[in-house]
Amino acid sequence: MTDVMAVLERARHFEIEISAQLEHIERLHRIVARAGHSHSYSMKMMEKLEKLEREVNHQIDRTVDAKLEALEYISILDGEERGVIESYFILGKTWEQIADKMYMSDRRVFLIRKKALSKLNKHFGNIDRRQYGYWNEDTRASGACADNAGGACQENRRNDFCGRQL
C-alpha cells in the first residue's frame, strides 16, 4: 500500500525545489548578460550555466513524475477539494495564498483540506493525520491538538493546524 501523503509531500517538495532552482538560473543569466568581461569569460560562464541547466532539467523530469503520481491520487477529488489540494501539493502554494486566490477564509481552506484528506484516507486508507500535524478526530470537540498531548493548539490564528508549517 502506497503512502498517499508521502507521494503528495514529495510532489510539493520537488515543486518548491525546482521553482527555486529556476529562479536562480534566471538570475545567473541576467548577471552574465550584464557582465562586461571578455568573450572567453562569457563563454566559461555560459558553459557553467549549461551544466546547471542540465541538472535542473533532470530535476524537472523527477518533478513531473512526482506530480503525475500525486495527480493519480488527487484525481478522486473534485471541485474545491481538488483545487485546494492541487494548489498546495502540485503548485506549491501556501495555505494563505490558496485562501486569497479562492476568495476564502483560512478556516474554510483548512476545512476543505481536512475533508479532502479524509476522502483520500477513506479511499486509500493510509494517511496518518497525526504525523502531519492535522487534528486528531478524538480531540476536535475540546479544541485540543494531537501534537500537543491533548493540550490547546499552539497556532493562534486557527485551531485545526498545530503550528507546524507544511
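Since the model is a prediction, treat every value here as computed from it, not as a measurement. Counting begins at 1 with the first residue of the sequence.
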* Asked: Considering only heavy atoms from C-beta outward, does the side chain of R113 approach that of I98 to under 4.5 Å?
  -> no
* Between K67 (side chain) and I90 (backbone), is there a donor-acceptor pair under 3.5 Å? -> yes
* Please determine, by modelled atom types, if R12 and Y88 share a side-chain donor-acceptor pair under 3.5 angstrom. => yes
* Asked: Does the pair V4 and H123 meet the rule for a side chain to side chain contact (heavy atoms under 4.5 Å, CB included), with working shown?
  -> CA-CA 10 Å; V4 177; H123 193 268; over 6 Å; no
* Asked: F124 versus I76: any side-chain heavy-atom pair under 4.5 Å?
  -> yes
* Structure fact -> Sorted by chain and residue number, the side-chain hydrogen bond (donor to acceptor under 3.5 Å, both in side chains) partners of K101 (sequence neighbours excluded) come out as none
* Kindly say whether T94 contributes a backbone atom to a donor-acceptor pair with the side chain of Q97 at under 3.5 angstrom? => yes
* Under the side-chain hydrogen bond (donor to acceptor under 3.5 Å, both in side chains) rule, collect the residues that match up with H13, sequence neighbours excluded. => E17
* Could you walk me through whether L52 and H24 pass the side chain to side chain contact (heavy atoms under 4.5 Å, CB included) check? -> CA-CA 10 Å; L52 183 59; H24 178 67; 3.9 Å; yes
* Asked: Any link between I16 and F89 through a network of hydrophobic side chains (Ile, Leu, Val, Met, Phe, Trp, Tyr) touching at under 4.5 Å?
  -> no
* Close side-chain approach of D65 and R62, heavy atoms under 4.5 Å -> no
* Is L91 close to E15 at the side-chain level, that is, under 4.5 Å between some pair of heavy atoms? -> no
* **From R107 atom CZ to L111 atom CG, the distance as rounded to the nearest 0.5 Å** => 4.5 Å
* Excluding sequence neighbours, so at least two apart, what forms salt bridge (charged side-chain N to carboxylate O under 4.0 Å, His left out) with E81? -> K115, K119
* To do: Please list, chain by chain and in numerical order, all residues satisfying side-chain hydrogen bond (donor to acceptor under 3.5 Å, both in side chains) with E23, sequence neighbours excluded.
  => R27
* Asked: Which atom pair, heavy atoms only, marks the closest approach of L77 to I85?
  -> CD1-CG1, 3.9 Å
* To do: Quick one: which residue pairs count as a salt bridge (charged side-chain N to carboxylate O under 4.0 Å, His left out) with a foot in residues 70-80, not counting sequence neighbours?
  => E80-R108
* I60 CD1 to I18 CD1 distance, which is reported to the nearest 0.5 Å -> 4.5 Å
* State, yes or no, whether a side-chain contact exists between L120 and L8 at a heavy-atom distance under 4.5 Å. => yes
* To do: Spell out, as yes or no, whether a donor-acceptor pair under 3.5 Å connects the side chain of S118 to the backbone of K114.
  => no
* When rounded to the nearest 0.5 angstrom, what distance separates CD1 in I25 from CD in E50? -> 11.5 Å
* Asked: Atom CD of Q21 and atom CZ of F14: how far apart are they, to the nearest 0.5 Å?
  -> 10.0 Å
* **Interatomic spacing from CG in L117 to NZ in K122 - rounded to 0.5 Å** => 13.0 Å
* So how far is it from K44 NZ to K48 NZ, rounded to the nearest 0.5 Å? -> 8.0 Å
* Could I get the full list of side-chain hydrogen bond (donor to acceptor under 3.5 Å, both in side chains) partners for H29, not counting sequence neighbours? => E53
